[in-house]
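Before any comments, here is the structure.
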Protein chains: 2
Amino acid sequence: MNEASLKIQAPALKQKPTKAEVTRGRILDAAALVFRQKGYALTRLSDIAKRAKTQTGSIYYHFESREAIVAEVLRIANERTQNHVSDAIASLPADASVHDRIVAAIHGHLKIVLSGDQYTSAHIRIFDQIPDKLRQHFLKVLDESGQIWRLLLEEFKAEGHVRDDIDLSVVRLLLIGMMNWSVEWYRAGRLTPDQIADQVALMFFEGITRKS
Amino acid sequence: MNEASLKIQAPALKQKPTKAEVTRGRILDAAALVFRQKGYALTRLSDIAKRAKTQTGSIYYHFESREAIVAEVLRIANERTQNHVSDAIASLPADASVHDRIVAAIHGHLKIVLSGDQYTSAHIRIFDQIPDKLRQHFLKVLDESGQIWRLLLEEFKAEGHVRDDIDLSVVRLLLIGMMNWSVEWYRAGRLTPDQIADQVALMFFEGITRKS
DNA sequence: GTCTATACATCGATAGAC
DNA sequence: GTCTATCGATGTATAGAC
C-alpha cells in the first residue's frame, strides 16, 4: 500500500461515475456490511451479491477474487480511520497542547470506530480472520498509522507530563486496544461515542481514582 | 448447554481416566490450539484430528458435532478465567483493600489470558466467529463472570475512591477490553504478563499523568 | 474405540449467452 | 456489464469394517 494508491481519484473532477464504478462501490459497501455482521470466513460471495443487488458471477467483473474485495475494504477502512484522526487533530488551534491533541485523536478514533461506519468496524472485526499474506501487509499499514500515536505520546513525555513508572509503548497499545474492543460492547443509546471518548481520555490521563 | 452438562465429573475420585476420556481431552486440547491459531471458521475437523493424532471420523465418537467441540472449549475457557481471577483475589489476606483486590483480579485475568493458555486465548480470538446461538449463550455466561468486576468497582466507589465524572460501567468494559485485546499484540519477551498487569492497574487507577 | 470410505452440501471461480 | 449454468475443490457428517 504505497502513497500513490491511497490518493483519492479527484472525485470533484468526475461528475459522472461510470456504471461500473457505481456497481463496484455497491459491492464494496455490501461487503463491508456483511463482513462486519458475519466475519470474513462466514461471508459468502452470494451474501455480498445479494445485498449489492447483483449476482455472484457478476462480482468477478469488478474484482479478481474474494480476497481482492476484502483487501480493498481494509484499505478504505485504514484510510478513513487515519483521516478521521488527522482531521480531529488538525481542527484544533495551531497552539493546542499535546494533551488536547491526544484527546482530539481519541475522539476522532472512537467516533469513526463507533459511528457505525461499516468499513472501520469490519476492519476491526475481521482482521484476525483474513489470509496470512493479507494480514502481514495490513499489519505494516497499521504500524504506520500507529506512528501518529507514538509521536503524540513521546511529545507528551518529552514535556515531562508522564509518570516515570509508565511504559509508553505498552500504554499506547492498551489505549488503542480499549478503543478498538469497544465495538464489541458499544450499542448506540445511553452514551454517545463522544461521551465514551471522554471516559477513555479521563481514565488514560487521570485514572479513575478521586484526588483528595 | 444446561446446568447438568457444566458439572465436573469428580476427577479426584477417578485415578484412571478411560481411554475415551484421554482421547476426548486430546481432541479438546488440539481444538483449542487450532481455534486459537486459525480462528473458528477456518478450522477444519481434519486440522483438529491431525493434531490430536486421530482421524476426522473418530471425532464423532466423542462429540456430536463441530459446534459441540467449540462449545466445550469455550466452557472450559470461561471456567479457567473465572477460577484464575477468584483465586488471585482469594490468595490475598482477608483484610485486603478493595484497591488491592482489583489489582489482584487484573493480574489474575491478564496472567491467564497472556500465559499462553490455549483455551482462554482461543475464547477471546474466536468469540465473534461462532454461531449465533452459541454466542447468545456464552454472552450470558460472560455477563455473569463480569459480575465480580461490577461488585469490586462498586465497592471501590462506595468507599468514595472514584471520581464523580467516571462512569463505572463504561470503565469496567474499557478495562476488560484493554486486557482482552492484549492477546492481539502481546508477545512473550520484553515484558511479563505481571508487568503488563502493573501498567494496566497504574493507568486504570492513576492515569499516565505525572502528579506534580 | 478407531479406522476407511463415501454421501451430500456448499462455495469460489469460470464459461459463455445476451 | 450482467446474467445463468456449471465445474471442481473442500469439508461436515455418516456408514460400516475391524
Side-chain angles (χ1 to χ4, degrees), chain A residues 9 14 16-74 122 126 129-135, chain B residues 9 14 16-74 122 126 129-135:
Chain A
Q9 305 162 21
K14 200 159 193 166
K16 194 126 187 184
T18 66
K19 192 176 177 187
E21 285 170 341
V22 172
T23 307
R24 187 186 138 97
R26 267 211 326 279
I27 293 172
L28 283 173
D29 286 350
L33 182 88
V34 184
F35 282 148
R36 182 202 179 164
Q37 286 177 344
K38 313 181 61 161
Y40 174 68
L42 289 181
T43 293
R44 304 293 140 221
L45 287 184
S46 55
D47 300 325
I48 297 176
K50 194 174 175 185
R51 175 154 284 269
K53 298 197 191 307
T54 181
Q55 307 304 315
T56 304
S58 311
I59 291 180
Y60 284 86
Y61 177 80
H62 303 276
F63 295 93
E64 252 196 348
S65 66
R66 182 166 173 263
E67 204 172 310
I69 300 177
V70 74
E72 182 65 359
V73 167
L74 293 182
I126 70 181
Q129 303 174 38
I130 62 179
D132 232 56
K133 189 120 190 207
L134 263 186
R135 192 165 63 244
Chain B
Q9 307 163 20
K14 200 157 192 169
K16 194 124 187 186
T18 66
K19 192 176 175 186
E21 285 170 341
V22 172
T23 306
R24 188 186 136 97
R26 267 212 325 279
I27 293 172
L28 282 173
D29 287 350
L33 183 87
V34 184
F35 283 148
R36 182 202 180 164
Q37 287 177 343
K38 313 182 60 162
Y40 174 68
L42 289 182
T43 293
R44 305 292 140 221
L45 289 184
S46 56
D47 299 326
I48 297 176
K50 193 173 176 184
R51 175 154 283 269
K53 297 197 192 308
T54 181
Q55 308 304 315
T56 303
S58 311
I59 290 180
Y60 285 85
Y61 177 80
H62 303 277
F63 296 93
E64 253 195 345
S65 66
R66 183 165 171 266
E67 203 172 312
I69 300 177
V70 74
E72 182 65 359
V73 167
L74 293 182
I126 69 182
Q129 304 175 38
I130 62 179
D132 231 57
K133 188 122 190 207
L134 262 186
R135 192 165 62 242

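Just so it is clear: chains get the letters A, B, ... in the order the sequence lines come, proteins before strands, and each one is counted from 1.
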note = Taking C/dT2, D/dA13, D/dT2 as options, the one with an atom nearest any side-chain atom of B/K19 is C/dT2

key: Length of the CD-P vector between B/E67 and D/dG11, whole Å   = 19 Å

ask   = Where the side chain of B/Q55 is defined as all heavy atoms beyond and including C-beta, which of C/dA13, C/dT2, C/dT4 is the nearest nucleotide?
value = C/dT4

ask   = Please give, in whole Å, the distance from C/dA13 P to A/E64 CD?
value = 10 Å

inquiry  = D/dG11, OP1 or OP2 - any side-chain N/O from B/S46 closer than 4.0 Å?
reply    = no

task = Give a yes/no answer on whether the side chain of B/T23 brings an N or O atom under 4.0 Å of OP1 or OP2 in C/dT2.
result = yes

ask   = Between atom NZ in B/K53 and atom C1' in C/dT2, what is the gap in whole Å?
value = 16 Å

inquiry  = From C-beta outward on B/T54, which listed nucleotide comes closest to its side chain: C/dC3, C/dT2, D/dT12?
reply    = C/dC3

note = From CG of A/L45 across to C1' of C/dG12 the rounded distance in Å is 6 Å

query = Nearest-Å distance, CG (A/D47) to P (C/dC11)?
reply = 8 Å

Spacing of B/I59 atom CD1 and B/T54 atom OG1 [to the nearest 0.5 Å] = 6.5 Å

request  = Starting from P on D/dA13, measure out to CD1 on B/I48 and report it in whole angstrom.
outcome  = 11 Å

query = For A/R51, does the CZ atom sit with more than 12 other heavy atoms under 6.0 Å from it, leaving out its own atoms?
reply = no

request  = Starting from the 5' end of DNA chain C, give me the residue, A/G57 or A/R44, whose nearest nucleotide shows up first.
outcome  = A/R44

key: Phosphate OP1/OP2 of D/dA13 contacted by B/Y60 side-chain N/O (<4.0 Å)   = yes

Partner of A/H62 under side chain to side chain contact (heavy atoms under 4.5 Å, CB included), chosen from A/E72, A/R26, A/E21, A/R24 = A/R24

Protein-nucleotide distance (A/H62, atom NE2; C/dA13, atom C1'), rounded to Å = 16 Å

message = Using 0.5 Å steps for rounding, measure from the CZ atom of B/R36 to the CD1 atom of B/I126.
response = 12.0 Å

message = Assuming nearest nucleotide by heavy-atom distance, tell me which of A/S58 and A/L42 is located more 5' along DNA chain C.
response = A/L42

remark   = Testing C/dT14, D/dT14, D/dT2 for proximity to the side chain of A/Y61, the answer is D/dT2

task = Report the distance from atom CZ of B/F63 to atom P of D/dT14, rounded to the nearest whole Å.
result = 15 Å

ask   = To the nearest 0.5 Å, how far apart are OG in B/S58 and CG in B/L45?
value = 11.5 Å

